[in-house]
Amino acid sequence: MSSILEKFNKQKEFLICIDSDGCAIDTMDIKHIKCFGPCMITEWNLEEWRKSILDSWNEVNLYTLTRGINRFKGLAVALTEINDKYIKIEGLDEFLKWTDETLELSNESLEEELKKTNNTCIRKALEWSRAVNKSIDLLSEEEKSPFEGVKEAIIEAKKIADIAIVSSANEKAVLDEWSNNGLLESVDIVLTQNIGPKAYCISKLIEKGYNRRNVLMVGDALGDLKAAESNEVLYYPIMVKKEKESWNRFTIEALKKFVDNSYIGEYQEKVINEFKSNLSK
């Protein structure tokens, strides 16, 4: 277990896990539109098909049920489509195999794989991911702000629950964004891609002694819901293009239901159905 998890101790009976990009911080769209997609175009020299490839990238990563998938899983989908439609991607099969089999979808894991294989696609995927991180660092602070209502929601939540960031994003970016926006002071632990997948992070937090009915995952993507379901904990959705309303409802309505144990059942089913419907439009 990582040292950050070893040092963490349960303080309250309730635990609220919050995703970062596209959930608490309004960075998901801008990171994909300005960084992830364009860096892929550059790395694989795809300028000839730029618009259609970027449209497809944004559809997969932002506006459908695959929203929020890990960057390397998203890259695997994109490169497979590019290989089928536009140009052959050298070494693709080995990269796809890595995304399917690795225990950790991170730069560090990819670096280890590159040492073993020296595969062209794996090398380019690593270069792409590093370029994405540099590109994200260059975004202005104004481009990395929380959604309206987030700070108030987390302050309220902190009164009754331990607060964990559970994100598949880059650790430095998450720490910078939450710190710069004055949100980190309300957070008890930060778990990002270097610790492991969201489902793993939630499972390790539960081991600290929380009742599963007292654990809530707040997210904006199907992966967040699946991470909650695999741990048999509760889920509250932040809906795409309705983030302000979602956070206000969390503070005014959902938080109270969570604490008095009336969240599970009919209310949770209702908000999850709304969430899925919103991503399926």
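When a residue number appears, it is its place in the shown sequence, counting from 1. Just so it is clear, the structure is predicted and the values come from calculations on it, not from any experiment.
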side-chain hydrogen bond (donor to acceptor under 3.5 Å, both in side chains) with K85: which residues, sequence neighbours excluded?
-> E81
Could you label the plane-to-plane angle of the F36 and H32 rings as parallel, tilted or perpendicular, counting under 30° as parallel and over 60° as perpendicular?
-> parallel
Side-chain (R212) to main-chain (N231) donor-acceptor, under 3.5 angstrom | yes
Across all chains, not counting sequence neighbours, the side chain to side chain contact (heavy atoms under 4.5 Å, CB included) partners of E148 are K244
Hey, is the main chain of L15 close enough, under 3.5 Å, to the side chain of D162 for a donor-acceptor pair?
-> no
Check side chain to side chain contact (heavy atoms under 4.5 Å, CB included) between K144 and all other residues, then give those that pass, not counting sequence neighbours.
-> T27, L139, E141, E177
Is the shortest distance from a Lys or Arg side-chain nitrogen in E229 or K226 to a carboxylate oxygen in the other one below 4.0 Å?
-> no
Y236 and ring-ring contact (aromatic ring centres under 6.0 Å, His included): which partner among F250, F258, W247?
-> F250
Can you sort out the partners of N211 under side-chain hydrogen bond (donor to acceptor under 3.5 Å, both in side chains), two or more places apart, ordered by chain and number?
-> none
Can you tell me if R71 uses its side chain to pair, donor with acceptor, with the backbone of S129 under 3.5 Å?
-> yes
Would you check if there is a donor-acceptor pair between the side chains of E156 and T251 at a distance under 3.5 Å?
-> no
The side chain to side chain contact (heavy atoms under 4.5 Å, CB included) partners of D26 (sequence neighbours excluded) come to F147
N-O pairing of K34 and E143 below 4.0 Å | yes
Contacts of K124 that satisfy salt bridge (Lys or Arg N to Asp or Glu O under 4.0 Å) - sequence neighbours left out = E43
Please indicate whether D100 has more than 12 foreign heavy atoms, meaning atoms of other residues, nucleotides or ligands, lying under 6.0 Å from its CG.
-> yes
Pair E111 + R130, salt bridge at N-O below 4.0 Å | yes
Can you tell me if K208 uses its side chain to pair, donor with acceptor, with the backbone of F8 under 3.5 Å?
-> yes
